[in-house]
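Below is one structure, written out as structure tokens; the observations come after it.
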Amino acid sequence: MPPAPLPSFATRLIDWQRAHGRHGLPWQGTRDPYRVWLSEIMLQQTQVQTVLAYFPRFIQRFADVQALAAASADEVMQLWSGLGYYSRARNLHRAAGQVVAQFGGQFPTDTQALQSLPGIGRSTAHAIAAFCAGERVSIFDANVQRVVARYLAFEGDLAQAAHVRQLWALADGLLPAPDADLRQAMPAYTQGLMDLGATTCTPRRPQCPRCPVAQDCRALRTERVLSYPVKTRKLKRSSETWYWLVLADGPLHAPGTHMLLEKRPERGIWAGLHCFAVLPSQEALLARLAHCTEAAALAGWPGWAGGAGQAARPAPAVQWQNGFRHVLTHKDLLLIPALARLPHAGAQPRPALHAGAQAGGAPLRWVAVGDILGGAVATPAPLLAWLKAQQSAPAAQSPIKFE
DNA sequence: AAGTCGGGGGA
DNA sequence: TCCCCAGACTT
């Protein structure tokens, strides 16, 4: 009589997940592809702890894909504000519209249809199909790459796409057997892979004694766990200094003070968010300030514009603030706010500025400090952080000077 | 194949 | 500080 076969990688992983994996997260315990999709997108390059604050709010506002499709892009951006990688939010909204238009509002669960939606690549499509339909496909995010590379002692450099594809194919060999009950097995297997990478097979301090597949791990066998995955870094971060034109009509710690924000282009950094004008030099900032204040005078700014000839009034002085650093993956930004003040408009309506006040013709809005802090408009995280800091340490109030 | 997109957490 | 992370998209 032949000996019973040893439990497979997949079997051990599934058993471990049920006993020691993460349960009870808001996006778990469902096969609703809308919820799974939303969680997968939010969790791209973003930690669970962060997503926990956003996911319930999003679901509460958009209970299903129809509700999301019917929303304005601005509102979606607003709910996404602070999560980063804003193209995810834009694609999310576009994909919702596509599901309504092309799939009759029924969210697909097969990998082919999923990958036709914007923002869903191969790995995310596999995750949704595995969780919702039990499709026998491998997810392959950074956690899984680490687990599998260690388990197989994979020597290829994962900085190269060809090696990633190669390891991905090897990962397929670890999937639950095709004749298993995949509708039960695939969700637990997929979740188990992610949980193992997140809680046990961690980058720096893996807890191998608690790993369910340690007995077969080729990296552990040679005590080279930390040598995997092989991944060369070629991060060369460039530095830039940006000047922020902060045009306000009162002290920054007063909720009623309004500030001029412009909507950023749909591509590039902080795409689609509302932000202070960003200028590459002090000279450019002063020129923009002159444009804006001239435009404000022409538009009849309360207490300032006074008829013909007012357009020639010089721009108010600026107060240069201390710069602060904001680091992105590929760019190191030094942000220097320059505060300029228009006369207080009180409760009077602030006139819209013509598009010429902004070089690219981007939409300009006067927004109250209280509304910005309250999240009424989507703003980049560093802007919000800086404005919050101004609440507790208000800049010295100086009278408005005209030169 | 390389570059572009944020932000937060952990060592 | 530096490294890492539930990637997709553009060029």
Side-chain angles (χ1 to χ4, degrees), chain A residues 21-22 25-28 35-55 77 80-92 94-95 114-131 138-148 157-165 168 187 190-199 201-206 226 229 231-238 240 264-273 275 324-333 335 378-385:
Chain A
R22 296 179 290 189
L25 295 170
W27 47 86
Q28 292 180 324
R35 285 174 164 251
V36 173
W37 166 63
L38 180 60
S39 71
E40 289 297 328
I41 300 298
M42 283 188 170
L43 286 160
Q44 286 171 6
Q45 307 292 301
T46 308
Q47 310 245 341
V48 168
Q49 197 58 38
T50 307
V51 173
L52 278 174
Y54 283 80
F55 183 83
M77 293 306 290
W80 200 270
S81 189
L83 260 183
Y85 283 107
Y86 298 97
S87 65
R88 292 186 295 174
R90 202 168 48 255
N91 286 333
L92 198 77
R94 285 173 50 209
L114 285 166
Q115 283 186 78
S116 74
L117 297 172
I120 301 184
R122 188 176 169 199
S123 186
T124 300
H126 285 195
I128 300 171
F131 278 125
S138 302
I139 57 166
F140 211 56
D141 54 59
N143 273 337
V144 180
Q145 289 178 24
R146 186 174 58 254
V147 170
V148 177
D157 181 359
L158 295 185
Q160 298 177 24
H163 290 147
V164 174
R165 282 195 301 273
W168 202 336
T190 304
Q191 188 66 50
L193 267 183
M194 295 191 294
D195 291 352
L196 190 65
T199 68
C201 194
T202 54
R204 305 294 186 79
R205 297 191 172 186
L226 290 181
K231 198 175 203 173
T232 59
R233 284 199 77 77
K234 44 185 177 293
L235 174 69
K236 51 173 194 284
R237 191 147 38 209
S238 58
E240 285 185 39
R264 293 189 58 82
E266 293 304 324
R267 311 187 67 105
I269 192 168
W270 302 323
L273 273 59
C275 187
F324 60 99
R325 202 159 289 282
H326 183 71
V327 182
L328 290 71
T329 305
H330 60 294
K331 210 164 279 184
D332 188 355
L333 301 176
L335 300 168
T379 54
L383 186 157
L384 206 53

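Order of the sequence lines fixes the chain letters, A, B, ..., with proteins taken first and strands second; residue numbering starts at 1 for each chain.
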Ser123(A) and Asp141(A): side chain donor to acceptor below 3.5 Å: no

Could you pick out which residue, Tyr85(A) or Arg205(A), lies toward the 5' side of DNA chain B when each is mapped onto its nearest nucleotide? Tyr85(A)

Is the shortest side-chain N/O distance from [X] to OP1 or OP2 of [N] below 4.0 Å?
{"X": "His326(A)", "N": "dG6(B)", "answer": "no"}
{"X": "Thr124(A)", "N": "dA8(C)", "answer": "yes"}
{"X": "Trp270(A)", "N": "dG7(B)", "answer": "yes"}

Regarding dG6(B), can its base be found pairing with the side chain of Thr329(A) as donor and acceptor, where the two atoms are less than 3.5 Å apart? yes

Nearest of [options] to any side-chain atom of [X]?
{"X": "His330(A)", "options": "dC5(B), dC5(C), dA8(C)", "answer": "dC5(B)"}
{"X": "Arg146(A)", "options": "dG6(B), dC4(C), dC9(C)", "answer": "dC4(C)"}
{"X": "Tyr86(A)", "options": "dG6(B), dT10(C), dG8(B)", "answer": "dG6(B)"}
{"X": "Pro382(A)", "options": "dG7(C), dG7(B), dC4(C)", "answer": "dG7(B)"}
{"X": "Asn91(A)", "options": "dG6(B), dC9(C), dG7(B)", "answer": "dC9(C)"}
{"X": "Pro203(A)", "options": "dT10(C), dA1(B), dC5(C)", "answer": "dC5(C)"}

Taking any heavy-atom pair under 4.0 Å as a contact, classify [X]: base, sugar-phosphate, or nothing.
{"X": "Trp37(A)", "value": "nothing"}
{"X": "Thr46(A)", "value": "base"}
{"X": "Ile139(A)", "value": "nothing"}
{"X": "Arg88(A)", "value": "nothing"}
{"X": "Gln44(A)", "value": "sugar-phosphate"}

Figure out the [atom1]/[atom2] separation between [X] and [N], and round it to whole Å.
{"X": "Met194(A)", "N": "dC4(C)", "atom1": "CE", "atom2": "P", "answer": "21 Å"}
{"X": "Leu158(A)", "N": "dC5(C)", "atom1": "CG", "atom2": "P", "answer": "10 Å"}
{"X": "Gln49(A)", "N": "dC4(C)", "atom1": "CD", "atom2": "C1'", "answer": "16 Å"}
{"X": "Leu52(A)", "N": "dG8(B)", "atom1": "CG", "atom2": "C1'", "answer": "14 Å"}
{"X": "Asp157(A)", "N": "dA2(B)", "atom1": "CG", "atom2": "P", "answer": "10 Å"}
{"X": "Leu92(A)", "N": "dC5(B)", "atom1": "CG", "atom2": "P", "answer": "20 Å"}
{"X": "Leu226(A)", "N": "dA11(B)", "atom1": "CG", "atom2": "C1'", "answer": "13 Å"}
{"X": "Leu83(A)", "N": "dC5(B)", "atom1": "CG", "atom2": "C1'", "answer": "14 Å"}

5' priority, DNA chain C, between Arg94(A) and Gly197(A) [closest heavy atom]: Gly197(A)

Hey, which of these two, Gly119(A) or Glu40(A), hits DNA chain C nearer its 5' end, going by closest nucleotide? Glu40(A)

For Leu273(A) and Leu383(A), run side chain to side chain contact (heavy atoms under 4.5 Å, CB included): C-alpha distance rounded to whole Å, both residues' side-chain angles, the deciding distance at 0.1 Å, then the answer. CA-CA 11 Å; Leu273(A) 273 59; Leu383(A) 186 157; over 6 Å; no

Result for ring pair (Phe, Tyr, Trp, His ring centres under 6.0 Å) between Trp27(A) and one of Trp37(A), Phe55(A), Tyr54(A), Phe131(A) points to Phe55(A)

The Watson-Crick or G-U wobble partner of dA8(C), with both key distances under 3.5 Å, is dT4(B)

I'd like to know if the side chain of Arg264(A) reaches the main chain of Cys275(A), judged simply by a donor and an acceptor atom lying under 3.5 Å from each other, with no hydrogens or angles considered. no

For a side chain to side chain contact (heavy atoms under 4.5 Å, CB included) check, start with the C-alpha distance between Trp80(A) and Arg88(A), then their side-chain angles and the critical distance, and finish with the verdict. CA-CA 9 Å; Trp80(A) 200 270; Arg88(A) 292 186 295 174; 3.5 Å; yes

Does Arg35(A) have more than 12 heavy atoms from other residues, nucleotides or ligands lying within 6.0 Å of its CZ? no

For Glu240(A), I'd like to know if atom CD has over 12 heavy atoms of other residues, nucleotides or ligands within 6.0 Å. yes

Roughly how far apart, to the nearest Å, are dG6(B) and dT11(C) at atom P? 16 Å

